[in-house]
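Only heavy atoms go into these numbers, but all of them, side chains included; no hydrogens, no water, no symmetry mates.
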Amino acid sequence: GVSMHRPKNADDLLDMLLSGNTERTQSCTAANAESSRSHAIFQIYLRGRHKVSGTTATWKHSKFSLIDLAGSERGNVTTTNKQQREGANINRSLLALGNVINAL
């Protein structure tokens with residue numbers, strides 16, 4: 001699920017990334033020993049202020065988006081019917097994502 005946190009340091013941020021990764025669905029297929037069966041987005045928002053003596057502080061904002069898309073194997077290399085259905089759903093979502101990107 002979606003959540004937002006305020007890490008205090010880089011270690012907190014890494015712990016959040018690792019925690020989120022443990023929630024992802026993975027399974028073994030004929031094509032890949034650890035095939036990711038879900039998409040993941042990890043966004044980092046940074047805000048900082050730079051102040052030079054005698055001047056007004058300037059705020060800088062940045063956003064990093066780390067995106068890992070689910071594995072997309074061809075149907076003939078998956079091992080079960082369930083994985084074939086998952087693969088079809090993954091491929092549909094990747095096609096939809098491609099359509100969104102092309103529309104931008």
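Chaining together hydrophobic side chains whose heavy atoms lie under 4.5 Å apart places L18 alongside L13, L14, M16, L17, F42, I44, L46, F64, L66. Hydrophobic cluster membership of M4, counting Ile, Leu, Val, Met, Phe, Trp and Tyr whose side-chain heavy atoms lie under 4.5 Å apart directly or via other members: Y45.
Residues L94 and I67 share a single hydrophobic cluster, defined by chaining ILVMFWY side chains whose heavy atoms lie under 4.5 Å apart.
Annotation: side-chain hydrogen bond (donor to acceptor under 3.5 Å, both in side chains) contacts involving residues 56-66, sequence neighbours excluded, comprise Q43-S65.
Residue N9 comes nearest to D12 through the heavy atom pair OD1-N, 2.8 Å, listed as atom of the first residue, atom of the second, then distance.
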